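Just so you know, these numbers come straight off a predicted model, no measurement behind them.
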Amino acid sequence: MTCRLAPVLRFMLRCIPRLILCCAVAPLHAAEAERADSARELVVLHKTQTAAAKLGQPNEQHFQTLLGRALAEAMGRPVRYLSLPRNRLVGALEAGEGDILCGYIPQWLPGAIDWSRGFIPVTDVVLASPRVVAPRTLEDLRGKRIGTVLGFHYPDFESALGADFRRDDGPSESMSMKKMMAGRFEYVITTKVATDTQIRRGLLPRNVHVLVTREFRTMCAVSRRGRVTVAELDAAIDGIERNGSFEKLQSAR
């Protein structure tokens, strides 16, 4: 019996070190693969209304979510989302915690960050409650309380109204609209897209007054310490415009 078992024992003694080595190497390969994916991923920042950072998937149908996924696909990168309060967005970009943040312009987010070309059309508007006469110009808003978003800059209003620009800051445009309809004030600065969305959801009456103040294109802020360059992002923007995916995103807003 001993003689017959000896070759088996010798074989096992030879194989055990190899098995141990394989078991030790496998986690290393998995960790390396995970690091490689992390180095390739596109981290898209989102603004959240909460005070804490939140890692994960935001609203699947949100324009910014769909845009981030489309840009990542055009770059051939996996995508990850990081939601932060507005006052932490620039710091996160400067530190390289996120790669891009779309839907802004440099005047809104001053900092040591770079910018893509403008490509997201935006129409700024002032909403006026049906309770008041529709304003025709910014001058008609002099001295009036206006619903604004905390931390946002409004250069056109600051320039036109100066000290008579009376802000009533809130956490979001949608909250300012609710306050307007509740009678807290009669005017809100927002966008046509946000207005149309609120009307479609039945949260604003269709007879709300809408004054268009300007039309422009927003950009994507790009981290200087991130995984992508402005040139790579601009190329991805060109790609989603050429293949029609950006037009589809626009129609779904």
Closest heavy-atom pair and its distance - H46, H62: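 In this case the closest contact between H46 and H62 is CE1-ND1, 4.4 Å.
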Y104 side-chain N/O to L109 backbone N/O, donor-acceptor pair under 3.5 Å: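 No, Y104 side chain to L109 backbone: no donor-acceptor pair under 3.5 Å.
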Donor-acceptor contact present, side-chain R77 to main-chain R227, <3.5 Å: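 Confirmed, R77 side chain pairs with R227 backbone.
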Geometric class of the Y154/F152 ring pair [parallel <30°, tilted 30-60°, perpendicular >60°]: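 Tilted.
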Flag if over 12 foreign heavy atoms under 6.0 Å of NZ, K179: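 Atom NZ in K179 is crowded, with more than 12 foreign heavy atoms closer than 6.0 Å.
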More than 12 heavy atoms of other groups within 6.0 Å of R214 CZ: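 Buried by this count: over 12 neighbours within 6.0 Å.
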Is the closest side-chain heavy-atom distance between [X] and [Y] below 4.5 Å?
{"X": "L233", "Y": "M75", "result": "yes"}
{"X": "D234", "Y": "F119", "result": "no"}
{"X": "W108", "Y": "T218", "result": "yes"}
{"X": "F165", "Y": "R142", "result": "no"}
{"X": "P106", "Y": "M219", "result": "yes"}

In plain terms, say whether [X] and [Y] are close enough for a salt bridge, that is, a side-chain N and a carboxylate O under 4.0 Å apart.
{"X": "K192", "Y": "D196", "value": "yes"}
{"X": "E241", "Y": "R117", "value": "yes"}
{"X": "D99", "Y": "R225", "value": "no"}

side-chain hydrogen bond (donor to acceptor under 3.5 Å, both in side chains) assessment of T191 paired with D124: CA-CA 4 Å; T191 65; D124 275 349; over 6 Å; no
Connected hydrophobic set around M177, excluding itself, where side chains approach under 4.5 Å: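 Noted: M177 shares its cluster with V125, L127, M180, M181, F185, V188, I199, L204, V208, V210, V212.
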